[in-house]
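Below, each value reflects all heavy atoms present in this structure, side chains not excepted, and no hydrogens, waters or symmetry copies.
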2 protein chains.
Amino acid sequence: MLSDVMEDYLKAIYQIQSTSGAPVATSAVAEYLGKTPPTVTSMFGKLEERGLLEREKYKGVELTEEGETVALEVLRHHRLLEAYLAEHLDYSWSEVHDEADALEHHISEEFERRVAEVLGNPTVDPHGDPIPTADLAPIDHEEADTLGDHGVGDRVVVTRVSDREEEELEYLENAGVLPGTRLDVVDVAPFGMVTVRTEGGDEQSLPDSVAASIRVRPFEGDPAGGETNGTGDDSDGSNGEVPTT
Amino acid sequence: MLSDVMEDYLKAIYQIQSTSGAPVATSAVAEYLGKTPPTVTSMFGKLEERGLLEREKYKGVELTEEGETVALEVLRHHRLLEAYLAEHLDYSWSEVHDEADALEHHISEEFERRVAEVLGNPTVDPHGDPIPTADLAPIDHEEADTLGDHGVGDRVVVTRVSDREEEELEYLENAGVLPGTRLDVVDVAPFGMVTVRTEGGDEQSLPDSVAASIRVRPFEGDPAGGETNGTGDDSDGSNGEVPTT
DNA sequence: TATTTCCTTTAGATGCGTCTAAATCCTCGC
DNA sequence: GCGAGGATTTAGACGCATCTAAAGGAAATA
C-alpha cells in the first residue's frame, strides 16, 4: 500500500523527531534524505492525505500514531537486519547499515519473524540502537549521556554509537570503541577533543562531534582494562538504553 | 543503472528463452509478468536501446550476451536466496520463491558473496534448479527427462521441480516429491494421470501437467524404499542436472 | 518598524512504468 | 492468393517521485 519512498520519508521524520523534537522542518528531511525541499513538500502532502502525519504550513510536520507505527515497523526491519548480518553473515559493525537500508522495505513479515527468532529476539542492534518490539509499541526517548558530557577521570561504558557515516564507524571500530566497550576519559582538550583509554590500553583522541554521538553510561566495576567485550554479542540489550536513530 | 523492473523483464525473457527457445514473443513475456502487451513492447524498446536484447519487429526478442549476463546475475541472487532461506531460516521448500523474488534485486555483491560462502557455494537451489556461477558463465540447457516421459515399472530420482505455483509445490512437498526423492512409476492412466510410489511407500497420483514439470533421471541402486532423502540438503548438485527456471 | 534574508510552498516540466483504444502487421485456412 | 483472426505496435493518457524556477511567508536585524 505504501511505497518504499514513503516509508523512507516516515522513517526519516521519525528519526529527526526523535533527536531534535516535534515539528520537523521540510529542510531537515530534505537534507536527511538528499532530496530538494519542493520534493519533500510534495511528499508531505501525500503523507498528510493518508493520515500519516499532520502538517502546519510553513511550520513543519509531526507523525500521527499511524505514521509512527509505520516508521517503527521499518526501523524494526532495519535493526533486525543489522543484527542478523553482523551475527550470521560476518558483516562488520560498520558495514551493516547500507545493506539493511536496501533490504528493509522488501522483507516479509514472515522473514521478520524468523530472523527475530533465530537471533533470540534481540532488543538492540549492533550499534546499540533499540529494536522496536514486534507489537511496534512506541519507544521512550530519554536523553542519555554522551562521551562529550564527561570529564577527565570518568569511567564509562559505551552503550550506543549511532551515526550514518560509514567511515566514522569504521574508524571507531578499528579504535575499539564499540557498544559494550569500557573507556576511561584521560584528557579533555579545550579545542574540542576528548582522549580516552580503551580496554586494550590504547589511547584514542576523538573530536567533540564524534564524542557527542557516542552514548555512554557510568561504569561500575573493576578498574583496569581486560578483554571483556566483543563485536555485537550483547544482543539482549541489558544496557539500560534508549532510542534515537 | 538498471531498474528492478528491467531486471525482471530480462529474467523473464531468459526463463522463457530457456524453455521455449529463441525468439521470445511479446505476449509470452506479458503473460509471464502479468503486464499488458503494449507495456511489454514499450519496455522491449528501452532494453533494446541499452543493448540488452535484439528485436525483430513483430517477431520477438532475444537477449544479447550482456542481457543474458544480467539475467544470470539476477537468477544467481534468486537461487542463492532460495537456498539460504531454506537452509538457514527454516523456510519450507514451497515458501522460498516469493521471498527470493522480493529480495533478489536488492542484495549487494557483498551479500551475494557471503551467502554463497556460508552455503558452501551450492550449485543447485532447493527446487533443483542450477545456480549460475559467480562468473555468470552461460548455462547449458539440455533437455532432461520428465516424470511424464516414463512408463510403468520405471524407477527414477527426482532432480528438479520448477514451478511458479506455490500451491502445487506445497502439494508435492506434502506428497514427499522433492529433489532427491526416489519414485517408482506404478501406473499411467490413459486420461492423463501418473501414479508413483514414493520412498515412504505411499502412492501418489499426479496429473500430466504436474508430471511434466518434474525432471527426473533413471535410478540406479537398491530397489526398496528407505529413508534416504531430506528437504534440500543435496546442495552440491551431484545430480547431473540442467537449467530452465 | 521596516527590510532583508532564509525557508517553504506553488507552478510547471521530466522520466519511468503502466494502462486502454486504435491502428497495423503476420499467418493460416480456404 | 485473399481474407479473417490474432498478435503486435503506435498513440495518447495517467500517477509517481523527482527536479528547477519563481512566488510567497516568517523571522531576525538594523
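- When the shell of 6.0 Å around CD of Glu170(B) is examined, it contains more than 12 heavy atoms from other residues, nucleotides or ligands.
- Protein atom CG of Leu2(A) is 12 Å distant from nucleotide atom P of dC16(D), rounded to whole Å.
- Tested against His78(B) for a side chain to side chain donor-acceptor pair (under 3.5 Å), the candidates Glu73(B), His97(B), His105(B) yield a single pass: His97(B).
- Residue-level contact check: Ser42(B) touches the bases, meaning some heavy atom is under 4.0 Å from a base atom.
- Val70(A) places none of its side-chain heavy atoms less than 4.5 Å from the side chain of Met1(A).
- Between Trp93(A) and His127(A), the ring planes lie tilted relative to each other; the angle falls in the 30° to 60° range.
- Judged by distance alone, with hydrogens and angles left aside, the side-chain atoms of Thr64(B) form a donor-acceptor pair with the main-chain N or O of Leu52(B) at under 3.5 Å.
- DNA chain C is contacted by both Lys59(B) and Lys35(B); Lys35(B) maps to the nucleotide lying nearer its 5′ end (nearest heavy atom per residue).
- Taking a heavy-atom distance under 4.0 Å as the criterion, the stretch of DNA chain C touched by chain B extends 5' to 3' from dG17(C) to dT27(C).
- Heavy atoms of Thr41(B) sit under 4.0 angstrom from at least one base atom.
- Thr159(B) places no side-chain N or O within donor-acceptor distance of the main-chain N or O of Arg217(B), the cut-off being under 3.5 Å.
- Within the 4.0 angstrom heavy-atom criterion, base atoms lie near Thr39(A).
- Salt bridge status for Glu99(A) with Arg114(B): absent, with no side-chain N to carboxylate O gap under 4.0 Å.
- Of the residues in residues 43-58 of chain B, those placing a heavy atom less than 4.0 Å from an atom of DNA chain D are Arg55(B), Lys57(B), Tyr58(B), in numerical order.
- Environment of CD in Glu54(B): sparse, with no more than 12 heavy atoms of neighbouring residues, nucleotides or ligands closer than 6.0 Å.
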